[in-house]
Amino acid sequence: MSRKKPSQNNLPLNSWKLDQIAKSTFFHQKLHEWHLVEIAQQIEAIRGDTLNWDGLGISEKAWNRVIHQGIKPIIVFAHPYVLQSVAGSTAYYRMLAMVSQKSMKHIGWPTDSFERGKAVPTDETANKLAQHLNWLISQLVEADETLDPREFDLWRGMAAGSQAQGSWQNNKGALAEVAIREIVRQRIGQKNLAASEIEIAVNSIYLTDGRRVVFASEPDIAIYQDEVPLVAVEIKGGIDPAGVLERVGAALKSLRRTRQENPASVTILMLQAASLTSRALDDLGINTEIITHLFSIQAMLENETERERFFEILKL
C-alpha cells in the first residue's frame with residue numbers, strides 16, 4: 001500500500017494564496033450575479049417624493065434624521081411600489097437592514113424568490129416586507145448620532161459579504177471536486193479511453209476496457225467493473241483546519257463503504273495539505289486499512305508528476 005504525505009514545502013502559503021484568489025473571484029462574481037449595483041441605480045432613479053410613505057413602519061426620528069441630511073428616503077426605506085416594480089429590490093433593503101435570507105425565512109417571510117426576480121410580492125406581502133424592513137432600518141438610523149450616507153453602502157456590503165461567505169462555504173469544496181473531475185475527464189479524452197464521445201454533462205463514462213467511471217457523491221469519483229467498485233476517490237476541498245476532522249470523518253465513512261463492497265478496491269483521499277492538523281494526520285494514520293492513497297489537491301492541480309501518479313493508480 002502506498003501512503004505518501006503531501007509535501008509541506010511552501011505548500012500552506014501557496015494553498016492560502018490560491019484560496020484567496022479563488023475566494024476573491026467568487027465574491028466578485030456574486031456581486032455581479034446578484035446585480036447589486038444595477039438594482040441600486042434603478043432604486044436611486046425613482047421619484048420617491050411622489051410616493052405615500054405613511055404606515056410603512058418608519059419611525060419619526062429615523063425619517064427626520066434622513067430628511068434633514070438631505071438623503072432621498074427611497075435610498076434608505078423600503079416602499080411596496082419599489083419592491084413590486086424593481087426586480088431584486090427586496091435584497092437591497094434586506095441587506096440595508098443587515099438581516100439574512102435565512103432569518104427572513106425563519107420569521108415566515110422568505111425573500112429568495114423576490115430577490116432572484118422569480119416572483120413579485122403581492123400588495124399585502126410587499127406592505128408587510130416594507131414595514132418589517134423599515135422597522136429594522138429605523139433602529140439602525142436612530143442608533144447613529146450623525147448619519148453618513150456612505151454608511152448605507154457599507155451596511156449593504158456587510159450583509160452581502162456575509163451572504164457570499166455562506167455561499168463560499170457551501171461551494172468551495174465543490175470547486176475542488178469540479179477541478180479534479182475535469183482533470184480526469186481530460187485524461188480520458190486525451191488517451192481516447194472512452195467507449196463513446198465524452199459529454200461534458202454526463203456523470204458516467206464507459207471506457208474501452210469495460211470499466212465505468214462515475215462522477216457522483218460519496219464517493220466523488222469511482223471506477224466500476226461489472227458494478228463492482230475498483231476505485232473510489234473522495235475530494236475534500238476545504239482549507240480551514242477547524243473543519244478538517246469533520247471532512248476526514250465524512251471521507252472515511254464513504255470509503256469504508258467501498259471497502260466493504262470490495263475489500264480489494266483502491267481508495268483515495270484528496271485534501272488541502274494546508275488544512276491537515278496533527279490530529280487529522282493521526283486519524284488518517286490509524287485508518288490505513290480504509291485509505292490506500294493520500295493526495296494533496298494543491299499538488300494534483302499544479303504538479304504533473306503527482307497527476308501521473310494518480311492516473312497510474314486509476315489505470316488511465
Side-chain angles (χ1 to χ4, degrees), residues 1-4 6-7 11 14-15 17-19 21-23 25-26 28-29 33 167-168 170-239 247 250-251 254-255 257-259 261-262 264-275 291-316:
M1 176 178 64
S2 171
R3 293 189 56 79
K4 183 177 179 180
S7 172
L11 192 52
N14 290 336
S15 292
K17 286 180 178 178
L18 283 180
D19 186 76
I21 187 61
K23 185 173 183 179
T25 302
F26 182 84
H28 187 248
Q29 288 173 342
E33 180 183 321
S167 297
W168 169 252
N170 291 333
N171 283 278
K172 65 180 181 180
L175 295 176
E177 293 174 24
V178 170
I180 301 300
R181 287 175 178 177
E182 183 58 26
I183 288 175
V184 174
R185 289 180 188 277
Q186 289 180 4
R187 177 69 170 202
I188 293 172
Q190 291 168 355
K191 295 293 184 177
N192 296 316
L193 300 175
S196 60
E197 186 175 347
I198 298 177
E199 297 180 21
I200 297 299
V202 74
N203 291 324
S204 182
I205 301 174
Y206 285 90
L207 305 181
T208 53
D209 60 7
R211 293 182 299 161
R212 183 166 65 100
V213 180
V214 176
F215 303 97
S217 60
E218 297 187 2
D220 298 306
I221 302 174
I223 299 179
Y224 295 88
Q225 179 86 57
D226 298 326
E227 299 310 310
V228 176
L230 303 179
V231 179
V233 183
E234 275 291 339
I235 306 164
K236 299 300 179 184
I239 197 170
R247 293 192 294 273
S254 172
L255 297 177
R257 284 198 297 268
T258 298
R259 296 304 296 274
E261 290 183 54
N262 178 18
S265 62
V266 173
T267 53
I268 300 171
L269 175 59
M270 292 189 181
L271 292 165
Q272 289 279 12
S275 71
I291 302 172
T292 52
H293 300 279
L294 181 64
F295 279 85
S296 158
I297 291 175
Q298 172 91 7
M300 275 293 298
L301 296 177
E302 294 187 345
N303 191 311
E304 185 176 352
T305 301
E306 279 295 271
R307 287 198 297 274
E308 287 301 321
R309 184 170 77 90
F310 174 66
F311 291 136
E312 183 178 344
I313 295 169
L314 267 57
K315 299 180 181 178
L316 293 178

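We're numbering straight along the sequence, starting at 1. Just so we're clear, the structure is a prediction, and the values are computed from it rather than from any experiment.
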K.L.:
Would you check if V231 and I313 make a side-chain contact, meaning some heavy-atom pair closer than 4.5 Å?
P.N.:
no
K.L.:
Measure the CD1-CD1 distance between I180 and I235 for me, rounded to the nearest 0.5 Å.
P.N.:
5.5 Å
K.L.:
With heavy-atom distances below 4.5 Å as the criterion, would you say the side chains of F310 and I183 are in contact?
P.N.:
no
K.L.:
Going by salt bridge (Lys or Arg N to Asp or Glu O under 4.0 Å), R187 matches just one of E312, E308, E182. Which one?
P.N.:
E308
K.L.:
Could you check whether any side-chain heavy atom of I268 comes within less than 4.5 Å of a side-chain heavy atom of L314, counting everything from C-beta outward?
P.N.:
yes
K.L.:
Within the distance-only criterion (no hydrogens, no angle test), does the side chain of T267 pair as donor or acceptor with the backbone N or O of A232 below 3.5 angstrom?
P.N.:
no
K.L.:
Kindly say whether V214 contributes a backbone atom to a donor-acceptor pair with the side chain of S204 at under 3.5 angstrom?
P.N.:
no
K.L.:
Quick check against the 3.5 Å criterion: does N262 have a side-chain atom that pairs as donor or acceptor with the backbone of P229?
P.N.:
yes
K.L.:
Got a second to check how far I221's CD1 is from N203's CG, nearest 0.5 Å?
P.N.:
11.5 Å
K.L.:
side-chain contact (heavy atoms from CB on, under 4.5 Å), that's the test. Do K315 and L193 meet it? Break it down for me.
P.N.:
CA-CA 10 Å; K315 299 180 181 178; L193 300 175; over 6 Å; no
K.L.:
Sequence neighbours left out, what pairs pass side chain to side chain donor-acceptor pair (under 3.5 Å) with at least one residue falling in residues 222-232?
P.N.:
R212-E227
K.L.:
Please check: side-chain N/O of R211 versus main-chain N/O of L230, any donor-acceptor pairing under 3.5 Å?
P.N.:
no
K.L.:
Taking all non-hydrogen atoms of both residues into account, name the closest pair between T305 and N303 and its distance.
P.N.:
N-OD1, 2.8 Å
K.L.:
Has the side chain of R309 got a donor or acceptor atom that lies under 3.5 Å from a matching backbone atom of F295?
P.N.:
no
K.L.:
Quick one: closest heavy-atom pair of R181 and D220, and the distance?
P.N.:
NH2-O, 3.2 Å
K.L.:
Compare all side-chain heavy atoms of K191 with those of L316 and state whether any distance is below 4.5 angstrom.
P.N.:
no
K.L.:
Please lay out, stage by stage, how R185 and I205 fare under the test side-chain contact (heavy atoms from CB on, under 4.5 Å).
P.N.:
CA-CA 9 Å; R185 289 180 188 277; I205 301 174; 4.0 Å; yes
